[in-house]
Amino acid sequence: MSTEEREVPFVSLPWGELHESANDCHFCRLLCQDVLEDAKKPSLLGGKETFVVYLGIRPRGSGFVLEIGTRLGLRQQRYTVCLTSEDNISAHTTLREVVPPKNTDMCFSHVLKCIENCTTRHDECRELTLTALPTRVLDCSDPAQVRLVISDSATKGHYATLSYVWGEDQPYRTTAENISDYSTLIEKRFIPKTVHDAIVVTHKIGLRYLWVDSFCIMQDLDEDKAKEIANIRTYFSQAYITIIAEGPTRASEGFLNERLSEWNCSPTALPFRCLNGPVGMVHLYRERPPPTEIINSRAWCLEEHVLSPRCLLFCTHAVQYECPLARTNINGSSMWLEDFIPLLPRSASNRVDSWFRLLRDYTLRELTKPKDKLVAFAGIAELFHEMWPESRYVAGLWTHHFPESLLWVNNAALQQMRDTTRLDKARYRAPSWSWAAVDGSIGTSLTAPCRYRGRPLPAPTVMCCIKQCETRLKWEGSPYGEVTSGLLVIEAGVMPAVMEWDFEEHFGVLVRVKPGEDIKPPYSSEDWLGFYLPDAVEVLDVRRQVILIALLEAEGAVHGLVLVIFTKVDERLYNSKPKRVHTLSSMSEFTSQLTSQNECNDSPYCSQTVDMVNLVRKLRCQYAPEDIN
């Protein structure tokens with residue numbers, strides 16, 4: 001077979017015969033089930049009707065793709081053609097099937113070759129030196145006799161870490177009551193299947209120790225949890241390898257098996273006759289993207305992946321290996337591999353992009369406990385602080401990114417607005433000017449492209465001064481973790497306005513406040529000041545008087561914050577104090593009217609602006625700092 005594209009037509013058996021032949025012939029079955037699925041309708045084909053099938057051959061990489069379709073307006077399917085073994089058709093395609101996640105000698109032989117190749121040939125992936133072990137690790141030297149080892153600072157060695165989804169309660173996790181017994185032996189019946197599979201993998205790749213959160217952290221002691229979680233970055237970044245159980249939705253499922261799922265599909269085996277005469281066997285896999293793994297929807301698992309120097313991923317469909325340079329199937333197959341994007345910046349020039357990409361990925365994920373919003377991202381924040389040592393990290397924001405970083409956008413808020421019953425009455429977890437205060441995917445500032453992404457746009461003009469930004473930590477030993485309060489003081493031009501949300505059009509408007517007038521819809525262009533992007537669904541059931549705080553001017557528009565002043569009724573209803581709930585953007589007309597305090601002079605509008613600045617300060621004085629979000 002040549003590598004040129006070609007298309008070959010042929011006439012099929014009558015539909016009735018083809019359908020009957022599908023019981024014994026794999027190719028006929030493939031035509032009936034995949035290509036001609038719609039043709040089962042009597043209105044399309046009769047039992048004696050034949051049709052023309054087109055087979056298309058398309059080279060791709062080290063193999064080729066088979067296209068099968070008709071001219072009947074029905075569906076066309078593409079199939080990746082794989083070798084089933086090293087046989088006499090290898091001259092025509094070298095593409096191999098992926099290695100399934102099973103406990104086989106072949107699987108671990110490929111794994112060891114990947115590790116050896118990575119540690120000996122990649123300059124950026126040198127073999128790690130012996131490091132201090134975590135506080136506690138599992139001894140996997142005998143998978144049938146696992147015990148908990150309490151290490152000391154003098155104990156050094158290589159160890160693996162496990163990243164997985166709990167998905168259910170783990171009743172036999174380590175506590176103050178059972179830690180002594182576990183130091184002698186952890187009975188196999190107490191170990192969830194996913195953890196036990198990780199113990200087997202650790203042993204098979206020649207390591208003795210494994211760190212697993214449920215067994216290596218005392219789960220009933222808040223002090224121990226806070227201390228160990230603060231060490232997450234160290235544990236994963238110094239691990240020899242991280243085992244990632246991508247497929248299991250619960251710890252009891254395990255990953256060393258071929259799990260049945262909606263994604264899984266069996267290949268179609270077909271004989272393949274070469275041009276020189278011999279016949280081999282190939283497998284056809286319908287083309288589709290790789291499965292969406294449950295672990296990629298869990299917030300805690302992101303930093304475990306990002307911080308690890310190398311990862312062994314047990315996916316639903318294959319075993320893969322990842323290092324800073326690449327992600328591959330362990331046998332080198334190119335099947336079901338997505339484009340590899342390094343998780344961490346390779347140079348100083350793309351640090352900001354990497355940070356916001358990780359933040360966007362993280363905020364798309366789910367957290368069982370909302371109070372962990374900052375905690376589960378702390379390891380990544382600590383890593384970036386080494387890149388930005390001159391900056392301060394306050395409740396998820398970097399001070400050297402101010403004021404742009406205050407203009408984050410909650411991409412999920414508009415969807416939440418369609419259900420006005422979804423009010424956030426959860427316990428405090430972050431100040432309202434932090435993205436950690438809300439749920440949903442967080443986007444970067446509307447002005448970020450001007451400053452960060454290298455586009456030929458003028459840099460925004462800063463219209464404010466950050467006078468103070470502080471947070472109070474819950475645990476002093478966790479500077480990147482949970483906070484109990486926050487205070488942000490901004491000196492800026494301000495403007496009174498009316499905020500109104502149109503529930504039918506799903507659009508928020510800001511309109512001018514005129515003394516002695518109550519402006520109501522429809523609004524004229526003279527009254528319209530701009531629009532706002534909601535952070536949450538609070539206080540949007542009625543028109544509200546608000547204060548607009550200008551932060552930046554970019555491309556003729558002002559961008560800033562909206563401060564909502566809650567009434568006593570609101571405070572009882574929402575259990576909250578004055579807070580930022582939106583970001584704003586305005587038309588160019590607003591720019592000339594919103595003036596910084598230093599340029600007020602004798603302007604009547606600016607005099608009002610000064611009064612509003614004083615009002616904001618008075619409001620801050622009326623409440624304790626921990627009440628001002």
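Residue indices begin at 1 and follow the sequence shown.
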NE2 on H196 to CZ on R189, rounded to 0.5 Å: 14.5 Å

Test applied, side-chain hydrogen bond (donor to acceptor under 3.5 Å, both in side chains); reference residue, Y164; option that passes from D213, T194, D197: D213

Step-by-step side chain to side chain contact (heavy atoms under 4.5 Å, CB included) determination, L185 to V146: CA-CA 6 Å; L185 176 69; V146 178; 5.8 Å; no

Test side-chain contact (heavy atoms from CB on, under 4.5 Å) applied to K204 and T202, L207, V200, the passing residue: V200

Working for ring-ring contact (aromatic ring centres under 6.0 Å, His included), residues W388 and Y393: CA-CA 10 Å; W388 296 321; Y393 183 74; 9.7 Å; no

Enumerate, atom names and distances included, each donor-acceptor pair closer than 3.5 Å involving a side-chain atom of residues 104-115, sequence neighbours excluded.
unit_1, atom_1, unit_2, atom_2, d
T104, OG1, C107, N, 3.1

Nearest non-hydrogen partners of F340 and A326, listed with the distance: CE2-N, 3.6 Å

Any residue meeting side-chain contact (heavy atoms from CB on, under 4.5 Å) with A318, in chain and number order, not counting sequence neighbours: V98, N329

Within-4.5 Å side-chain heavy-atom neighbours: T131 and K156: no

Electrostatic pair E386:R233 at N-O distance under 4.0 angstrom: yes

F384-W398 aromatic ring centre distance below 6.0 Å: no

Evaluation steps, side chain to side chain contact (heavy atoms under 4.5 Å, CB included), between C323 and H122: CA-CA 9 Å; C323 69; H122 296 172; 3.6 Å; yes

S434 (side chain) donor-acceptor with A430 (main chain) under 3.5 angstrom: no

Heavy-atom check, side chain of Y321 versus side chain of I241, under 4.5 Å: yes

Nearest atoms (heavy-atom pairs only) where C125 meets L325: SG-CG, 4.3 Å

Derivation and outcome, side chain to side chain donor-acceptor pair (under 3.5 Å), residues T316 and E293: CA-CA 7 Å; T316 298; E293 303 288 13; 2.7 Å; yes

Smallest separation among heavy atoms of P309 and A239, with atom names: CG-O, 3.1 Å

Heavy-atom check, side chain of E253 versus side chain of K193, under 4.5 Å: no

Distance in Å, N231 CG paired with S478 OG, rounded so as to fall on 0.5 Å steps: 8.5 Å

Shortest non-hydrogen contact between L210 and C216, atoms and distance: O-SG, 4.1 Å

Side chain to side chain contact (heavy atoms under 4.5 Å, CB included) between V53 and I68, intermediate numbers included: CA-CA 7 Å; V53 176; I68 305 178; 3.8 Å; yes

Separation between OG1 of T268 and CG of L30, rounded to the nearest 0.5 Å: 4.5 Å

Side chains of H317 and P100 in contact at under 4.5 Å (non-hydrogen atoms): no

Side-chain (R173) to main-chain (S214) donor-acceptor, under 3.5 angstrom: no

Side-chain donor-acceptor contact under 3.5 Å, D139 with S141: yes

Side chain to side chain, E322 and L343, heavy atoms closer than 4.5 Å: yes

Residues forming a salt bridge (charged side-chain N to carboxylate O under 4.0 Å, His left out) with E124, sequence neighbours excluded: R346

S163-T242 side chain donor-acceptor pair, cut-off 3.5 Å: no

Whether W336 and Y285 hold their rings parallel, tilted or perpendicular, with breakpoints at 30° and 60°: perpendicular

Nearest-0.5 Å distance, CG of residue L162 to CD1 of residue I244: 9.0 Å

Side-chain H-bond candidate by donor/acceptor type, H283 with E97, under 3.5 Å: yes

Pairs flagged by salt bridge (Lys or Arg N to Asp or Glu O under 4.0 Å) wherever residues 297-318 is involved - sequence neighbours left out: R298-E366

Shortest non-hydrogen contact from E168 toward A251: OE2-N, 3.5 Å

Spacing of OG1 belonging to T174 relative to CG belonging to L138, to within rounding of 0.5 Å: 7.5 Å

R429 side-chain N/O to A436 backbone N/O, donor-acceptor pair under 3.5 Å: yes

Atom pair CH2/CH2 of W435 and W408 - distance to nearest 0.5 Å: 10.0 Å

Shortest non-hydrogen separation from T155 to S151 and the atoms involved: CB-CB, 4.2 Å

Evaluation steps, salt bridge (Lys or Arg N to Asp or Glu O under 4.0 Å), between D361 and R365: CA-CA 7 Å; D361 186 350; R365 298 173 178 237; 2.9 Å; yes

Pair T328-Q320, side-chain donor/acceptor within less than 3.5 Å: no

Pairing residues for F236 by the ring pair (Phe, Tyr, Trp, His ring centres under 6.0 Å) criterion, not counting sequence neighbours: W211

Sidechain-backbone polar pair: H26 side chain, A269 backbone, donor-acceptor under 3.5 Å: yes

Within-4.5 Å side-chain heavy-atom neighbours: M218 and E228: no

CA sep, side-chain torsions, deciding dist, call: R327, E246, salt bridge (Lys or Arg N to Asp or Glu O under 4.0 Å): CA-CA 14 Å; R327 178 167 176 167; E246 292 226 331; 3.7 Å; yes

Test log, rule side chain to side chain contact (heavy atoms under 4.5 Å, CB included), inputs T249 and V165: CA-CA 6 Å; T249 59; V165 174; 5.8 Å; no

Side-chain touch I229/V375, heavy atoms, less than 4.5 angstrom: yes

Close side-chain approach of L367 to K373, heavy-atom, < 4.5 Å: yes

T363 side chain vs I442 backbone, donor-acceptor pair below 3.5 Å: yes

Verdict with supporting geometry, R208 and D142, salt bridge (Lys or Arg N to Asp or Glu O under 4.0 Å): CA-CA 9 Å; R208 178 176 180 179; D142 182 356; over 6 Å; no

Pairs involving residues 125-163, ordered by first then second residue, that meet ring pair (Phe, Tyr, Trp, His ring centres under 6.0 Å) (sequence neighbours left out): H158-Y240

